[in-house]
Amino acid sequence: MAPVYFAVIPYAAMVIAVAGGIYRYFADRFSYSSFSSQLLEDQTLFWGSVPWHYGITIILFAHVIPIFAPSLWVWLHSDPMRMLIFELIGSALGLLAIFGLLALILRRILSRRAAAVTSVMDWVLLAGLLLQVSAGAYITLFYRWGSMWYVYTAAPWLRSLFMFSPRPDLITALPWVVRFHALNAFVLIGLFPFTRLVHIFTVPVSYLWRPYQVVIWNGPGREAGAIGTGGNGGGVTRRGFFRKAVIWALSGAAGIVTAVPALRFIINAQPLSGLVWSKVGDVGPLPVDSPVSMNFEMRSTEAYMHQMVLHDVWVVRRSAGGFAVFSPICPHLGCHYKWDPEMAHFECPCHGSVFTIDGRVIAGPAPRPLDTLPYRIENGTLYVKWERFQVGIPKKVRV
Amino acid sequence: MNIRAQVSMVFHLDKCIGCHTCSVACKNIWTSRPGTEYMWWNNVETKPGTGYPALWEDQGRYRGGWTGGRRDGTKAKLKLQGRAQGLANIFFNPRLPAIDDYYEPWTYSYRHLTDAPQADVQPVALPVSQITGGRMNIEAGPNWDDDLGGSEVYAAADPNLAALTDEEKRQLFSLERMMFFYVPRICNHCINPACVGACPAGAIYKRGEDGIVLVSQDKCRAWRMCISGCPYKKVYFNWRTGKSEKCILCYPRQETGQAPACFHSCVGRIRYLGLLLYDADGIARASARPARELVSAQRGLILDPFDPEVTEQARRDGLDDKAIQAARRSPVYKYVKEWELALPLHPEFRTLPMLFYVPSLLPVAAIVEGGLYNTGSDYFGGVMRAPLKYLASLFAAGDGREIERINRKLVAVRVYRRAQSVGDIDAKKAEGVLEAAGLSPQAAEDIYRLTALAGFEDRFVVPPFMRERMVEVLEDPQRRKEDAGAGYLRKIRRRF
């Protein structure tokens, strides 16, 4: 039952956020902003708002990039030193955000003026955000290295949500803090239309190029524009009715677009699309007993999406004859492990799991040997069936 | 040429008695709502003084207005920040005045007077903050330095005094030489408004027909850059609705044929409201002139409504015939362009403000000689009560000659009128004085009439607004004034 939460709650949250957000924009545009209290309290605000916004914005982007560009992310983190630097920057930004958030919370408690303009929903939101960043910080500290395993665990889950073929099983094996972090994120998204969070979509980017002066003509003299204050009185005019109809149609459409796949998932979970043989490359030049990372393109069909995905595998030509093909994902928490030619073993940079050339675990927290993939060789060319397995459990279970 | 019309105002400072009736009229109509208690869209300041909000003229602190940029205005920049910097600063506006720079609005616990339990002493009504609802000490108010109150602290800090030497400052605050006058201030409805330029959301706009600058309450996203951008600090933040609000030049009243509330209630009848035609194509160039040329450059933008070429172009640019008629009868045009008697407030902020002030002559009785004002060359040498440099810093970007010219004219009109009504001055001599000031007897007569005798119809000349031809004609703009201000037609309730 539990996995269903990781499909139902995200979609429910998205439906609420999209439909509610659109409705609020059209029905109550007046309130579509953050509710600044800088006039009333501007001392602590600086130490809260600035670190919070810069920290959390960059961290949010770091969460989104691996969803849509996993290969880029893996490449960025392929060098351990680079990965450490990214981890360090991320942790610093996280600390910045927590510091800022605490300042923001404190000022609403300590400043009577700021408290006077604080609503119940502000407190709900602040509490939700505090839980979220605390969980994030805990994960960063105690489940290293998140920037690596995220790409192979939670990011594919999020990606499956965006592809409308949800795969809650991808995330259920992760520690409870991670699962809480993931669910709470969607709770926050669900809060979006009921809080000041709507201001995220009011970032005035057009200020960079709009002309400085704005002139609006109301009368018939020149190009007549809308009066800008808009709105409708009490009675239903034809214009007012049209307006309402458009609002409802738009929010309804948005709701349906996001709700249908969710319903489809609940009623009838989609089976995995069939595995295909992918051409990896020529095995002729492969050295003996020295693993080589090989890249290949996999064409896959998921739901209505046809796509090409870049994957890589470790290929070993055995001295005893034959080959071994390993999935590049560490069975512990899904990091990209590496071959260490000097020590002649595989090592995962995240938590130090060490494997022999045959994939057996020598050291570290890995619960099972490296995952082998089915392969065949035709005319000296290697073909592999790409598969993924659940991480963190002793059994090799296909996901 | 691209001709636009501007509803514009002249304040005759010699007539202002500092009674604050305008401020109160405005407050009762527009800013009596929660969140707006501290706002005074119209306020009257004593000069010298620090004003409201405190030290608003100090742009080193608030960075309002525009930098000069290139001569043609192409590189005009906000003093506040560049565009990218504006986005980088949206999380915290470093130049925003805080509520204490205005004052914390308060009321009194009047209920306590009747509800207090029996005691040996009389109950008193204590001040209560209108923001927190808690008890407070009143440490500032909207006219804290009225009539030079606390002048050693407040008036002495006036940024305009920087133009004076220490000796001049010392004299200014000695009892015998002390002077002050009042400056009523509302939004200047500038033709190069910095608040519009600073608004990241593009929510502030200038109305094409009348030049009134308004904040669209639906588009305002509370970035608060307009408040910093406006060098006059005439945009305010409603802390209850989270929106910027400002003087709307009473457009709902004007559209129904009434004068703005501040205008209508003015006891001294110091205000004149009328239309000006100006060339919008020249804005960038005029606002980029060197500081001392700004006043004449702005005057150059204002067009002669009697010039057939101008009226022809005005019609092509969509101005109504009635608007052109009104521009011809405009008292503001006479003061600003024809007689060159009225000057903009702080033209060096480069927003081309469209409210004008006839600088105060202040009482000059002390230098009457033989029943005649001494208007000789020595008159302006140092006998004048208000230092030229001080007035020049307020109204002419430091150019004392502008003030001197105007003062000569004002004195000349007085001399001319005295010759006519009292007759103790030789008419020939009076006309000589007029000529020296560059005025014809007819002009002097007109100035006298419009200054001293003008009735309501002469002071208030605006065209019909043709509300019936505008969008949203059937909605009464005053309907929701209790919620979010004029023009907002929907019930407002900000819950989150």
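Just so you know, these numbers use all the heavy atoms, side chains as well, and skip hydrogens, waters and symmetry mates. Only a predicted model underlies this, so the values are computations on that prediction, with no experimental measurement involved. Just so it is clear: chains get the letters A, B, ... in the order the sequence lines come, proteins before strands, and each one is counted from 1.
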Taking [options] one by one, which has the highest count of heavy-atom pairs under 4.5 Å against chain A?
| options | result |
| --- | --- |
| B/G202, B/A201, B/C220 | B/G202 |
| B/C199, B/G82, B/P97 | B/C199 |
| B/N192, B/I204, B/I90 | B/N192 |
| B/I227, B/V196, B/I283, B/L214 | B/V196 |

Output the distance between atom CZ (B/R95) and atom CG (B/N89), rounded to the nearest 0.5 Å.
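Taking CZ in B/R95 and CG in B/N89, the distance rounds to 9.5 Å.
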Separation of A/H63 NE2 from A/S147 OG (nearest 0.5 Å):
10.5 Å
No-hydrogen, no-angle side-chain donor-acceptor test under 3.5 Å, [X] and [Y]:
| X | Y | answer |
| --- | --- | --- |
| B/D210 | B/Q6 | no |
| B/Y278 | B/R4 | yes |
| B/S228 | B/N93 | yes |
| B/T107 | B/Q130 | no |

List the steps, then state whether side chain to side chain contact (heavy atoms under 4.5 Å, CB included) holds for A/F35 with B/W239.
CA-CA 8 Å; A/F35 185 16; B/W239 53 267; 5.9 Å; no
Report, in residue-number order, which members of residues 89-116 of chain A are under 4.5 Å from chain B by heavy-atom distance.
A/R112, A/R113, A/A116
Using a heavy-atom distance cut-off of less than 4.5 Å, which residues of residues 48-55 of chain A contact chain B?
A/S49, A/V50, A/H53, A/Y54
Contact class of B/R221 relative to chain A, heavy atoms under 4.5 angstrom
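Both parts, backbone and side chain.
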Using heavy-atom distances under 4.5 Å, tell me whether B/A280 contacts chain A through its side chain, its backbone, both, or neither.
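The answer is neither part of B/A280.
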Salt bridge check: are [X] and [Y] linked by an N-O gap of less than 4.0 Å?
| X | Y | value |
| --- | --- | --- |
| B/K243 | B/D218 | no |
| B/E255 | B/R207 | yes |
| A/R196 | A/D122 | yes |

May I ask you to name which of A/V117, A/L40, A/V203, A/V198 has the most heavy-atom pairs under 4.5 Å with chain B?
A/L40
Close side-chain approach of B/Y38 and B/I131, heavy atoms under 4.5 Å:
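Counting from C-beta outward, B/Y38 and B/I131 never come under 4.5 Å.
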Does any heavy atom of chain B fall under 4.5 Å from the side chain of A/V215, the backbone, both, or neither of them?
both
Looking at B/R135, I'd like to know if its CZ atom is crowded, meaning that more than 12 non-hydrogen atoms belonging to other residues, nucleotides or ligands lie closer than 6.0 Å.
no
Would you call the rings of A/F192 and A/F201 parallel, tilted or perpendicular, where under 30° means parallel and over 60° means perpendicular?
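Ring orientation of A/F192 relative to A/F201: perpendicular.
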